[in-house]
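Take a look at the structure set out below.
Because only heavy atoms are used, hydrogens play no part in the values below, and waters and symmetry mates are left out as well, while side chains stay in. Note on naming: letters A, B, ... go to the chains in the order of the sequence lines (proteins, then strands), and numbering restarts at 1 for each one.
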Amino acid sequence: MSKVGKIKGFSDLFPPESGKFSLLEAKAREVFGRYGFEELRTPVLEKTELFAKSIGEDTDVVGKEMFTFPDRRGRSMTMRPEATAGVVRAFVDGGAYQPGKVSKYFTFGPMFRYERPQKGRQRQFHQINAEIFGAVEPQADAELILMLRTFLGEIGLDKLAAEINSLGCPECRPGYRKALSEFFAGLDQEKLCEDCRRRKDTNPLRVLDCKVPQCKELVAEAPSITDHLCTDCDEHFRTVRMILDNAGVDYQLNHRLVRGLDYYQRTTFEITSGDIGAQTAVAGGGRYDGLVKTLGGPDVSGTGFACGMERLSLLLEPPEEGGLDFFLAVVDEKAVNQALLFAQQLRSMGFGGNVDFSAGSMKSRLRAANKSGAKLCLIMGGAELEDRTVTIKDMREGGGQETVSRDILLENAQRYFYRNDNQSTQGIR
RNA sequence: GUGGGUGUAGCUCAGUUGGUAGAGCACCUGGUUGUGGCCCAGGUGGUCGAGGGUUCAAGUCCCUUCACUCACCCCA
């Protein structure tokens, strides 16, 4: 029989990798909760037009990277390539808006983009998102960045580089784009790389981001967006930076920091790492005033960010697993049924363990118990079967062994399981 | 969509100028009565990614194809 195999770019998460994801989710819930965010869960499948309207028809994401297909009635559906559009749609759809009220949501789950997989990039990848609606103030942007830094710090990633920029608004960005186009037009075209000769017309901001050394040199002289901001945008950006400075946040201004989604304006930021391959961004976000209105909602501002869980995971050590409380070794096959029932009693009391259904030699069973990492090996064989006892062997360093009646073990379970444990509180469940 | 690299045991990999497969780890069984870890001995396990070709003979050479991987484009 030939195996089916998985879909390209879709991966299975086994332990200990899966443990890292659980840890990320648990930490995000805890930290974001402290900042007043509440969890929102939105569908994985949305109407295609949602992303076309929000992300932008001409972006690469919408143009060539979406999992889009007709449903059974021929309507165009798309597996979400990012979270914000769906969250905004839900916010509008769910009537969550109340004038003057600030809404804060976080969400996590799988996203889908039809790209060639590489390190730190899968076709199904996972993000943790946070969004704030209804706060026009620069303080909201700063709070998000502070929350993100806190989250990253609490999972042990406090050395990551942060970059921020302002992309201006519909008032001032056109002027900058024009200045940039004129700058590129004045250059010796031969010196630009092939991609940039194309990009300078399609998306001039992208040229600022080029990795080719020669382009980087040329671009160093390019006009900076931050010199072309209107008064309001400039004021907004100054305030964000001032708060970050006062909070002691280490960041770099990067006037070449560009977003791939059309809805961003004003503040944008990115957290990067040089240790996870060519894809360096582990988190990114910014302000998207106007998006809610674009999607048919009220004229409410928005700002938020996304973390790439796979990329964060590359930087994490797997969490330590606590071994199970017991391993029930069956040394006589006639004891298997009693063993399972006895384990059931222990489990219903809150203790965790495995029962070894295949009876075998004492040596092989103890080897199995040892590999299981359980604290105690509970042995049941011919002798124990007769007089309703169980032999308790402490598998920890210097542990002893005794045979007691099963009822006595049940009555004094706490003592048996945790007598050598400093963290005895974990036995209270 | 484009380019590079790699496909040999469950895992990580050796495999010499073509002569029909190995190691380490893992797994299983033992090392006298029902006692783990360390050590020792033995054992299970591979149509060498797939298909075709050259040859007396192909893991090794040639062609095709698939998969994985890294990078570009782009992005978290």
Donor-acceptor pair (no angle test) under 3.5 Å: [X] side chain, [N] base:
{"X": "A/Gln118", "N": "B/U69", "answer": "no"}
{"X": "A/Arg365", "N": "B/U35", "answer": "no"}
{"X": "A/Arg113", "N": "B/C74", "answer": "no"}
{"X": "A/Lys363", "N": "B/G31", "answer": "yes"}

Residue matched to [N] through Watson-Crick or wobble contacts both under 3.5 angstrom:
{"N": "B/C73", "result": "none"}
{"N": "B/U35", "result": "none"}
{"N": "B/U64", "result": "B/A50"}
{"N": "B/A23", "result": "B/U12"}
{"N": "B/A41", "result": "B/U29"}
{"N": "B/G18", "result": "none"}
{"N": "B/U55", "result": "none"}

Under 4.0 Å between a side-chain N or O of [X] and OP1 or OP2 of [N]?
{"X": "A/Lys119", "N": "B/C68", "result": "no"}
{"X": "A/Lys8", "N": "B/C68", "result": "yes"}
{"X": "A/Arg367", "N": "B/G37", "result": "yes"}
{"X": "A/Gln279", "N": "B/C72", "result": "yes"}

Between [options], spot the one nearest the side chain of [X], thanks.
{"X": "A/Arg116", "options": "B/C73, B/C72, B/G37", "answer": "B/C72"}
{"X": "A/Ser361", "options": "B/A76, B/G30, B/C74", "answer": "B/G30"}
{"X": "A/Ala278", "options": "B/G36, B/A71, B/G34", "answer": "B/A71"}

At 4.0 Å (heavy atoms only), tell me whether [X] reaches a base, stays on the sugar-phosphate, or touches nothing.
{"X": "A/Gly120", "result": "base"}
{"X": "A/Lys371", "result": "sugar-phosphate"}
{"X": "A/Ala368", "result": "nothing"}
{"X": "A/Ile271", "result": "nothing"}
{"X": "A/Ala283", "result": "sugar-phosphate"}
{"X": "A/Val331", "result": "nothing"}
{"X": "A/Phe305", "result": "nothing"}

Check: Tell me, do A/Thr150 and A/Glu154 make a side-chain contact under 4.5 Å, heavy atoms counted?
Finding: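 SC-SC contact between A/Thr150 and A/Glu154 confirmed.
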Note to self: Measuring only between side-chain heavy atoms, which start at C-beta, is A/Pro170 closer than 4.5 Å to A/Gln265?
What the structure shows: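 When only atoms from C-beta onward are counted, A/Gln265 and A/Pro170 do touch, with a gap below 4.5 Å.
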Notebook entry, point to check: With a cut-off of under 6.0 Å to the ring centre and 45° to the axis, is A/Arg123 in cation-pi contact with A/Tyr114?
Noted result: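 Ring-cation test returns yes.
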Check: If we take the P atom in both B/G18 and B/G10, what is their distance in whole Å?
Finding: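 It works out to 29 Å between them.
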Notebook entry, point to check: Mind checking the C1' distance from B/A9 to B/C28? Whole angstroms is fine.
Noted result: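 Taking atom C1' in both B/A9 and B/C28, they lie 15 Å apart.
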Margin query: How close do A/Ala83 and A/Thr107 get, counting heavy atoms only, and between which atoms?
Written below: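 Heavy atoms only, the tightest pair is CB-CG2, 4.4 Å.
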